[in-house]
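Note sheet for the following structure.
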Number of protein chains: 2
Amino acid sequence: MAKVTLQSIADRVGVSRMTVSNAFSRPDQLSADLRAKILAAADELGYGGPDPAARALARGRTGSVGLLINGSLSEAFEDAVSAAFLASVSDALSERGLALTLLPASSDQSFVPARDVAVDGALVYICDPAAPDIAWLERRQVPVVVVDHNVDGDVASVNVDDRSGARLAAQHLVDLGHRRVGILTLETDPAAGNYPARERMLGWHDALDPAGAETVVVATPFAPPEAAYDAALGLLDRPDRPTAVLCFSDAFAVATIRAAEALGLTVPADLSVVGFDDSVLAAGSRPPLTTVHQEVPAKGRAAVAAIAEVMSGGRPAPVLLPTSLVVRESTAPPPA
Amino acid sequence: MAKVTLQSIADRVGVSRMTVSNAFSRPDQLSADLRAKILAAADELGYGGPDPAARALARGRTGSVGLLINGSLSEAFEDAVSAAFLASVSDALSERGLALTLLPASSDQSFVPARDVAVDGALVYICDPAAPDIAWLERRQVPVVVVDHNVDGDVASVNVDDRSGARLAAQHLVDLGHRRVGILTLETDPAAGNYPARERMLGWHDALDPAGAETVVVATPFAPPEAAYDAALGLLDRPDRPTAVLCFSDAFAVATIRAAEALGLTVPADLSVVGFDDSVLAAGSRPPLTTVHQEVPAKGRAAVAAIAEVMSGGRPAPVLLPTSLVVRESTAPPPA
DNA sequence: CCAGCGTACTGTACCGGTCAAGAGCCACAC
DNA sequence: GTGTGGCTCTTGACCGGTACAGTACGCTGG
């Protein structure tokens, strides 16, 4: 069974290949009768519609947007926040008739998704700004929007106001009277850095330093979950234990609460804990977490709107999404 | 600045276009000297490497595998199990030099990812077997592997032995002495069905029915989380309350524990609860969940191995991955 | 009666690569 | 001296579509 192409259908019906193409792609260019006849013939031959690869070459667009992610994708999926981001991105894309292609940053030179996979545009998500993959995208002149990322140069961006959110969280502790505050942050590659982690750290200090609060900083890698627990233990199991802990994420905050309980401490009576992101974990935690809310679905939608604009030649203004403090039950004044 | 193509580089260096192509794609076909010269020229012109779309057409493969998913992608990302599956799939794919393209099942006729996006193969994940998208894939002769799905006809498949796992879970309750058992399952589209949900139900009954246990079944949609909580309340807040509940997922089990506590019941003393999947929730829950373990990363790897084999013309045998019961602290004999 | 126009279809030139076969050249063996 | 083979590079066809500029024709209006 030879492959069915526009030509074989054209031969069958006795029209030109172009007319068959129009039957599929531009119905207004031919009479309804003929179109019906062509579609019937196509059906009969088992034609699966115009070949996407050929169409992509001819039209100059593929119908799919890439998402460049650092490192193992497992992290991106397992983290509630980035998973929610991916979800909102792909939902927003499919509303616009676009598919989402994941482009893991390459370790290997032989296969570089950012170079070797056809996409119409790309979102760069939590990624080392110096990654060669980004350079490839630029080189191929692929429209790009960076997300949760510092902007280097002339690139469209969508960011969350992490710094303000962190400042609100720290100020909340200061207002409650805390003066010895632990910080449980993300351990990041010093070269690559992690933009949200840096911004949040700045925000926390924005509020803590003017108040003269003492800080104890502990960093832990993203995974595995036990690492955060151990780090929290290290932060709490010491003579000059802080009276409150600011965490990089809600997951870290939950781990901190567990560690506190293991040490016989009650949250928030003995220890206040603040999370970040207001993910599903936050409200369900016990006690429910005081945390910094960010609009993850809005971030996804904004990213898609931005990439769509860049793809159509526009130059969208940088987006900075607001954050807000959500006070629940994991914070209280320090023990007397 | 005109677009840089193989031809422009060829002109620049004074060789044929084919030689430039070989410089990128088959280094052994030309002398190292000339190759270096060509690459230098390409670099100078700002060439981004062979155009993936053109290459895809010429070579007949795109370097990317599709994943067909039902409904809103949000669910797929928010559920811990399917997120872990996606993660292992994309990791396994990138090891083989393949990217992952998400193909949401279409609602709209005008854009059907399964028909309009170029992929070399596709995994069909928890999807209505009757979905038109599957028919499109078949029509386009895209190699397909179905995952967590009943096999209709001659398609490669990767499944988990849900039924056996469910049987083990139910038998565990029977062995503990439970004779009035609630079942909190997934509410599914009656037409589409959900293969794991059906299999698990069969497995539970495999053990409960011979023991003469009485069952009370309640179904709840996947989202939102509160729905499961409410459903669990409905199951527990009745005179003939079951002494144990078998849940479709760990998330449902956690919701059930919450509901039990809200009613003043202690788990497992007053009520035994069994989850499914052994996701991250299970061990972290309080009390830690007795649940059915499935190897999600293995499922991802098996799916990728299978699709790779199908893409290279093979016909892999169906895979059925084992499940096992993990007994933790959420189950005990029924109250006296 | 013919310009002018809209409708329906066709012809040709791409899109930017890869494949398979061939041709020039030198080395080496017989 | 020449056949054989390997290394390089070139030639021409092809992948399966789409864009754009026609062409043919019937209808309308002055």
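Just so it is clear, the values below take in all heavy atoms, side chains as well, and ignore hydrogens, waters and symmetry mates. Source: prediction; values computed, not measured. Residue numbers begin at 1 in each chain, while the letters A, B, ... track the order of the sequences.
Side-chain N/O atoms of A:S106 and A:D108 include no donor and acceptor closer than 3.5 Å. With no hydrogens or angles considered, no side-chain donor-acceptor pair links A:T62 and A:R55 at under 3.5 Å. There is no side-chain donor-acceptor pair under 3.5 Å between B:D120 and B:S64.
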Residues B:D43, A:R139; criterion salt bridge (Lys or Arg N to Asp or Glu O under 4.0 Å); working and verdict: CA-CA 10 Å; B:D43 216 52; A:R139 201 140 207 231; 3.1 Å; yes
Step-by-step side-chain contact (heavy atoms from CB on, under 4.5 Å) determination, B:V144 to B:V146: CA-CA 7 Å; B:V144 160; B:V146 302; 4.1 Å; yes
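Distance, B:R140 CZ to D:dG17 C1': 14 Å, rounded to whole Å. Rounded to whole angstrom, the span from the CD atom of A:Q7 across to the C1' atom of D:dT18 amounts to 14 Å. Taking atom CZ of B:R59 as the reference point, atom C1' of D:dC14 lies 16 Å away to the nearest angstrom. Spacing between atom CG of A:D116 and atom C1' of C:dG17 amounts to 14 Å, rounded to whole angstrom units. Taking atom CG of B:L6 as the reference point, atom P of D:dC14 lies 20 Å away to the nearest angstrom. Computed from coordinates, the B:D51 CG to C:dC14 P distance equals 18 Å when rounded to whole Å.
The residue among A:A58 and B:A54 whose nearest nucleotide of DNA chain D is located toward the 5' end is B:A54. If A:L57 and B:R61 are placed on DNA chain C by their nearest nucleotide, the residue sitting closer to the 5' end is A:L57.
The residue A:Y47 sits close only to the backbone: its heavy atoms come under 4.0 Å of sugar-phosphate atoms, none of a base.
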Between the protein and nucleotides 5-12 of chain D, list every N/O to N/O distance that falls short of 3.5 Å.
unit_1 : atom_1 : unit_2 : atom_2 : d
D:dC9  : OP2    : B:S31  : N      : 2.9
D:dT10 : OP2    : B:S16  : N      : 2.9
D:dT10 : OP2    : B:S16  : OG     : 3.0
D:dT10 : OP2    : B:T19  : OG1    : 2.6

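Exactly one residue among B:D148, B:T188, B:V81 makes a side-chain contact (heavy atoms from CB on, under 4.5 Å) with B:P196. That residue is B:D148.
Proximity of B:S25 to the phosphate of C:dG17: no side-chain N or O atom is located under 4.0 Å from OP1 or OP2.
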